[in-house]
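The next block holds one structure in the form of structure tokens; read it before the comments.
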Amino acid sequence: MGFRFGVESMTKIVVEVGDAPELDSLLAERIYEFNAAATGCRDAELFRIVRKSESGELEAGLSGYTWARCCFVSYLWVSEPLRGKGLGTALLSAAEEHAAGKGCLLVLLSSHSFQAPEFYARRGYQQVARIEDHPVGHASFFFSKRLDDR
């Protein structure tokens with residue numbers, strides 16, 4: 001499916017579905033180049049924190065990035081049998097320590113209403129936005145926590 005812009009334009013915009021890690025990586029790189037040029041901050045770093053079983057299977061993990069004295073937690077997951085045992089808190093604390101060690105002043109993250117917004121609130125995260133119907137019938141919450149208040 002293509003869309004044409006302008007009478008003389010031959011450029012087509014195409015909607016594609018499915019994973020595209022190479023494109024995602026390229027787009028992230030291009031946006032980072034722009035952001036770094038605009039801010040002068042060129043210190044972005046992806047990070048991950050994992051817990052594996054003795055057999056090497058992933059039991060819990062967190063991934064995110066630091067950039068410009070901020071940290072963004074992209075994903076935090078704990079396997080069902082280990083939930084409610086403090087592992088999520090340990091992962092989040094490790095991310096905060098990592099971020100603080102990188103000089104970050106702020107941690108940002110999001111959660112759906114059916115996930116863990118109360119978990120983050122109990123750990124000192126402040127709700128800064130709520131988006132209704134994302135997904136429909138639920139909400140998305142965006143949280144921040146200052147590390148310079150520690």
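Count residues from 1 along the sequence. What you see below is based on every heavy atom in this structure, not just the backbone, and it leaves out hydrogens, waters and symmetry mates.
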Between the main-chain N or O of Phe141 and the side-chain N or O of Arg130, is there a donor-acceptor pair closer than 3.5 Å?
no

Is it possible for you to say whether Leu82 and Leu91 belong to one hydrophobic cluster, with membership spreading through side-chain heavy-atom contacts below 4.5 Å?
yes

Looking at Asp24, I want to see if its CG is surrounded by more than 12 non-hydrogen atoms of other residues, nucleotides or ligands under 6.0 Å.
yes

Please report the shortest heavy-atom distance between Ala68 and Asp43, naming the atom on each side.
N-OD1, 2.9 Å

Look at the rings of Phe47 and His98 and say which category their plane angle falls in: under 30° parallel, 30 to 60° tilted, over 60° perpendicular.
tilted

Report yes or no: do Thr89 and Arg123 form a side-chain donor-acceptor pair below 3.5 Å?
yes

Can you tell me how far CG of Leu109 sits from OG of Ser74, rounded to the nearest 0.5 angstrom?
10.0 Å

Could you go step by step and tell me if Arg146 and Leu105 meet the side chain to side chain contact (heavy atoms under 4.5 Å, CB included) rule?
CA-CA 6 Å; Arg146 302 247 7 139; Leu105 302 177; 4.0 Å; yes

Shortest non-hydrogen contact from Phe143 toward Pro117
CZ-O, 3.6 Å

Are Pro21 and Asp19 side-chain neighbours, meaning at least one heavy-atom pair lies under 4.5 Å?
yes

So, for Gly88 and Leu76, which heavy atoms are closest and what is the spacing to 0.1 Å?
O-CD1, 4.0 Å

Could you grab the distance from atom OH of Tyr75 to atom OG of Ser63, nearest 0.5 Å is fine?
7.0 Å

Within 6.0 Å of CZ in Phe34, more than 12 heavy atoms from elsewhere
no

Does the plane of the ring in His134 sit parallel, tilted or perpendicular to the ring in His112? Use 30° and 60° as the thresholds.
tilted

Side chains of Trp67 and Asn35: does their closest heavy-atom pair fall under 4.5 Å?
yes

Euclidean distance, Arg51 CZ relative to Leu87 CG, rounded to 0.5 Å:
5.5 Å

Quick one: are Lys145 and Gln126 in side-chain contact, heavy atoms under 4.5 Å?
no

Going by heavy atoms in the side chains, are Cys104 and Cys71 under 4.5 Å from each other?
yes

Calculate, to the nearest 0.5 Å, the distance between atoms CD and CG belonging to Glu97 and Leu92 respectively.
11.0 Å

I would like to know whether Val73 and Leu62 meet side chain to side chain contact (heavy atoms under 4.5 Å, CB included); could you show each step before the answer?
CA-CA 7 Å; Val73 173; Leu62 179 151; 3.9 Å; yes

Please walk me through it: do Val78 and Glu59 pass side chain to side chain contact (heavy atoms under 4.5 Å, CB included)?
CA-CA 6 Å; Val78 176; Glu59 295 180 328; over 6 Å; no

Where do Ala100 and Leu147 come nearest, in terms of heavy atoms and distance?
N-CD1, 3.9 Å

Considering residues, nucleotides and ligands other than Glu29, do more than 12 of their heavy atoms fall under 6.0 Å from its CD?
yes

Heavy-atom closest pair, residues Tyr32 and Cys41
OH-O, 4.0 Å

Mind telling me whether Tyr120 and Tyr125 have parallel, tilted or perpendicular rings, with 30° and 60° as the class edges?
perpendicular

From CD1 (Ile131) to OG (Ser113), nearest 0.5 Å
12.0 Å

Nearest heavy-atom neighbours spanning Trp77 and Arg83
NE1-NH2, 3.4 Å

Do Lys52 and Glu57 meet the salt-bridge criterion of a basic N to acidic O distance under 4.0 Å?
no

Can you tell me how far the CD atom of Glu118 sits from the CZ atom of Arg122, to the nearest 0.5 Å?
7.0 Å

Just checking Arg48: does its CZ atom have more than 12 heavy atoms from other residues, nucleotides or ligands closer to it than 6.0 angstrom?
no

